[in-house]
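Numbering starts at 1 and runs along the sequence shown.
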Amino acid sequence: MKNKLYTCTTCLRRTSPYLLPSRRTISSKTVVTPEPKPKPSNPNKLQLSDLTPSEISYYWDTQVPNETQLSYADKFFLPSRHSPIKIWSASKFRTAPMSLDPEVAFLGRSNVGKSSVLNAIMGKEVCWTSSKPGRTREMNAFGIGGTKGGESKIVLLDMPGYGKASRAEWGVEIMKYLQGRKQLRRAFLLIDSLHGMKQQDRDLLSLFRRYAIPHQIILSKVDKVLGKKKKQVKTGASAANVAALRSLLQELKPIVQPIDGRIEGPGALGEILTCSAATPTGPGQALGVSALRWAILSAAGFDANVEVKDHQIPGASIADPPKQAS
C-alpha cells in the first residue's frame, strides 16, 4: 500500500481555486482584508468644480451668469445636439465666404492656446493644435448649431496668431476682416495668464478701439496662476492663489478699459474671463469654459429668451435654444 502524500496548508491555499484572494486562514479563523479608505480632500484647497465665474473671472459692467444660464450654454454647445463642423478656410479677407450667421473671432499671440480653447468650447477636437507656435496659417471658420436641424448657428473663427512665427501680412488681413465683416459680433482676445499683456496685445487693443470693433479679454492657461504644477491644480486651488488671480484681473481693468479721455474709441466689454482648456472640472467640462460659452451666446444674441428661475431644480431639462431674434 502506497503512502498518501501530505500537502501543507500553504501549498493548498496556492493551488485551490476556491479560496478568495482577500481572505487568509490563520488558526482555523477567517480574516477579511479591509477595503482601503478613500483619501480625504485637502480642506485648505477649493475644488475646481466648485469655483464660480465670480471667483475666477472679473465682472464689473456685466452680470455674472448663474447656474441656469451656464447649463443652457453647455447644452447649446453639446456635440450630440449638433456636431461642430468646419465651414471654410481663407488666407485672404476677400476670399472669406459671405454668411448671414453671427460670427465671433478668437485672436491672440502665437501659442496662446486659441485652438485648444475652441476645442474645449465645441466639446470636440476640431481645431488642429500644436506645441509649436504659428501653426494656424489661415482663418478657419467652425459652425455650431443649437438644434439637431442645424438652426440657430453661430460661427466661431480661429484666426492666425501674431507675434513669434507669424507674418506681417496676416495682421493686415485680420484687420481687414474685422473692419469689413458686418456679421462679426465680437472679437475675443486671448492673453496668456503666465506671460501677461505684451506690447503687441496693447497695440491690437488700440486698433480695436480706433475702429470701434467690439471686443473682450480672456485669460487662457489660468491653471498656471492657480498652481505651479498640474498635480497641484488637480487637487484644487488654494485661497491665496485664487486671490492672486483676482488681483491680476483687477490690474488688467484699466488697460482693457482705459479711462483716459484721450484714448480713441470704446474699450473692451466690462468683464474679463479666464479659462484653462487643459484643466478638466467634470465630464466634458474644462475650467471656465461654461462662462465663455455663455459670453459667446450673449455676443451672438442668443441669450435674450433664456428664462431664469431661481427655484428651478438643478439638473432639470432646459428648453431648446431659441432662434436668433430678427
Side-chain angles (χ1 to χ4, degrees), residues 46-79 81 102-106 117-118 120-123 144-146 152 154 156 185-191 193 214-220 222-223 225-226 237 242 245-246 248-250 252-253 256-257 267-277 279-325:
L46 304 172
Q47 296 301 311
L48 298 181
S49 57
D50 296 334
L51 292 175
T52 63
S54 60
E55 291 175 311
I56 62 173
S57 298
Y58 188 22
Y59 300 79
W60 65 91
D61 282 341
T62 60
Q63 262 191 341
V64 181
N66 55 34
E67 291 184 6
T68 301
Q69 293 167 327
L70 295 176
S71 298
Y72 174 88
D74 287 335
K75 185 175 181 181
F76 189 100
F77 282 89
L78 279 179
R81 295 178 58 83
E103 297 178 353
V104 294
F106 284 77
V117 170
L118 282 168
I121 291 172
M122 294 184 284
I144 288 290
S152 304
I154 301 176
L156 310 182
R185 298 294 182 265
R186 188 178 299 172
F188 289 93
L189 178 59
L190 271 68
I191 305 296
S193 298
H215 57 284
Q216 180 174 356
I217 303 300
I218 302 171
L219 288 188
S220 65
V222 73
D223 56 301
V225 180
L226 296 177
V242 174
L245 175 60
R246 293 286 301 174
L248 175 61
L249 294 172
Q250 292 173 357
L252 287 175
K253 178 183 175 182
V256 302
Q257 264 197 358
L269 185 71
E271 65 183 46
I272 302 177
L273 304 182
T274 70
C275 67
S276 175
T279 306
T281 57
Q285 296 287 342
L287 185 63
V289 170
S290 296
L292 181 49
R293 288 170 172 169
W294 176 252
I296 295 173
L297 293 183
S298 300
F302 288 98
D303 61 334
N305 298 326
V306 180
E307 294 184 3
V308 180
K309 298 180 180 180
D310 295 334
H311 61 276
Q312 185 171 357
I313 301 175
S317 60
I318 303 173
D320 287 338
K323 296 181 181 180
Q324 184 186 13

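Note that the CD atom of Q63 and the OG atom of S298 stand 10.0 Å from one another [nearest 0.5 Å]. Taking OG from S220 and CZ from F188, the interatomic distance works out to 14.0 Å, rounded to the nearest 0.5 Å. Of the inter-residue distances, the one linking D74 atom CG with I121 atom CD1 reads 11.0 Å to the nearest 0.5 angstrom. Here the CD1 atom belonging to I272 is positioned 5.0 Å from the CG atom belonging to L252, to the nearest 0.5 angstrom. The CG atom of L190 sits 8.0 Å away from the CG atom of L292 when rounded to the nearest 0.5 Å. The distance from atom CG of L156 to atom CD of E103, rounded to the nearest 0.5 Å, is 9.5 Å.
For S276, the side-chain hydrogen bond (donor to acceptor under 3.5 Å, both in side chains) partners two or more places apart in sequence, or in a different chain, are D223, T279. Taking the side-chain contact (heavy atoms from CB on, under 4.5 Å) definition, one finds that Q250 meets it with Y58, R246, sequence neighbours left out. Applying the side-chain hydrogen bond (donor to acceptor under 3.5 Å, both in side chains) rule to T52 yields the partners S54, E55; only residues at least two apart in sequence or on another chain are considered. For the side-chain contact (heavy atoms from CB on, under 4.5 Å) test, residues two or more places apart in sequence or in another chain that qualify with V242 are L46, L51, L226, A237. Listed by chain and residue number, H215, I217, V256 satisfy the side-chain contact (heavy atoms from CB on, under 4.5 Å) test with A268 (two or more places apart in sequence, or in another chain). Evaluation of the side-chain contact (heavy atoms from CB on, under 4.5 Å) rule for T274 yields I56, S57, L219, V222, L245, L249 as partners, not counting sequence neighbours. Taking D61 as the reference, Q257 meet the side-chain hydrogen bond (donor to acceptor under 3.5 Å, both in side chains) condition, with sequence neighbours excluded.
Side-chain contact between F106 and V104: present, with at least one pair of heavy atoms (C-beta onward) separated by less than 4.5 Å. Residues L269 and T62 meet the side-chain proximity criterion, which asks for heavy atoms closer than 4.5 Å. At least one side-chain heavy atom of E271 sits less than 4.5 Å from a side-chain heavy atom of Q216. Residues P65 and Y59 are in side-chain contact: their nearest non-hydrogen atoms beyond the backbone lie under 4.5 Å apart. Within the 4.5 Å cutoff, side-chain heavy atoms of L70 are placed close to those of P53. You'll find the side chain of Q69 stays beyond 4.5 Å of the side chain of D303, heavy atoms only. Side-chain contact check for Q285 versus S290: some heavy-atom pair is nearer than 4.5 Å. Side-chain contact check for F77 versus I296: some heavy-atom pair is nearer than 4.5 Å.
Classification of the F76-F302 ring pair by plane angle, with boundaries at 30° and 60°, yields tilted.
Shown here for L273 and A295, the closest heavy-atom pair between the two residues is CD1-CB, 3.7 Å. Nearest approach of P214 to R185, heavy atoms of both residues: CG-O, 3.3 Å.
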Open item on the list: side-chain contact (heavy atoms from CB on, under 4.5 Å) for I218 and I191? Distances and angles first, verdict last.
Closed with: CA-CA 6 Å; I218 302 171; I191 305 296; over 6 Å; no
